[in-house]
Amino acid sequence: MPRRRPRLAPVALPPDPEAAELTGPLFGPAAAGPLDADLTRQHAGRPLGEPVTVSGRVRDRRGRPVRGQLVEIWQANAAGRYAHPADRNPAPLDPNFTGTGRCLTDGEGRYRFTTVRPGAYPVDGVRWRPSHIHFSLFGTAFAQRLVTQMYFPGDPLLDRDGIHHAVRDPAARARLIATGDPVRGYVWDVVLDGPCATWTEGSR
Ligand SMILES: [Fe+2]
């Protein structure tokens with residue numbers, strides 16, 4: 001069974017948070033091009049699968065929008081296969097789908113991606129992961145990077161997913177599931193901190 005935790009000890013960061021503010025990268029408009037947020041148009045043809053949009057707002061604990069935030073996503077293709085050499089799933093790759101995207105939040109903290117719904121994939125001979133999209137948000141400083149996963153509503157595999165249920169608080173677990181409707185597509189908001197903060201990998 002492959003280990004899912006880091007093999008190396010954490011690197012200690014400077015105790016002064018301002019040091020991270022000053023030395024971390026700053027993301028401006030050049031950090032993401034217009035096609036970076038449309039995962040269906042990054043190749044010559046269209047990818048297989050169900051086209052979907054995923055959008056939402058990034059806010060802080062007071063509900064204030066977090067503007068200019070670099071939001072990155074990565075996901076499996078519609079068959080449940082990552083375009084990554086470490087993925088041993090025998091499901092086919094899609095030559096028209098890489099599965100990575102990025103964008104900056106706008107003045108109201110909004111992000112938006114166009115992609116295809118990722119397929120479920122097997123973890124071992126018995127268990128399958130539900131459809132999900134990995135998210136990374138860089139916060140306002142390099143040391144604040146948050147990594148988490150977004151799920152799709154009504155997915156029957158959610159109830160049996162060990163990673164989703166590693167989030168022990170049912171309310172926090174529910175906040176990882178997007179809402180969806182035919183007009184707005186899938187909508188998923190992220191709260192960076194506070195009591196309603198979005199669960200991130202490394203938090204409990
Ligand atoms: Fe995944």
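Since this is a predicted model, take the numbers as computed values, not measurements. Remember, it's 1-based here, ligands and their atoms both numbered in the order they're listed.
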Checking only N/O/S atoms, does Tyr121 have one that is under 2.8 Å from the Fe ion (ligand 1)? yes

Can Arg129 and Asp161 be counted as an ion pair, charged N to O under 4.0 angstrom? yes

Check whether any side-chain heavy atom of Val52 lies under 4.5 Å from a side-chain heavy atom of Thr115, and answer yes or no. yes

With rounding to 10 degrees, Tyr82 OH, the Fe ion (ligand 1) and His132 NE2 define an angle of 110°

Among Thr98, Asn96, Asp94, find the residue that satisfies the side chain to side chain donor-acceptor pair (under 3.5 Å) test when tested with His43. Thr98

Check for me whether Arg117 meets the cation-pi criterion with Phe152, that is, NZ or CZ under 6.0 Å from the six-membered ring centre and within 45 degrees of the ring axis. yes

Taking both backbone and side-chain atoms into account, decide whether Gln75 has an N/O/S atom under 2.8 Å from the Fe ion (ligand 1). no

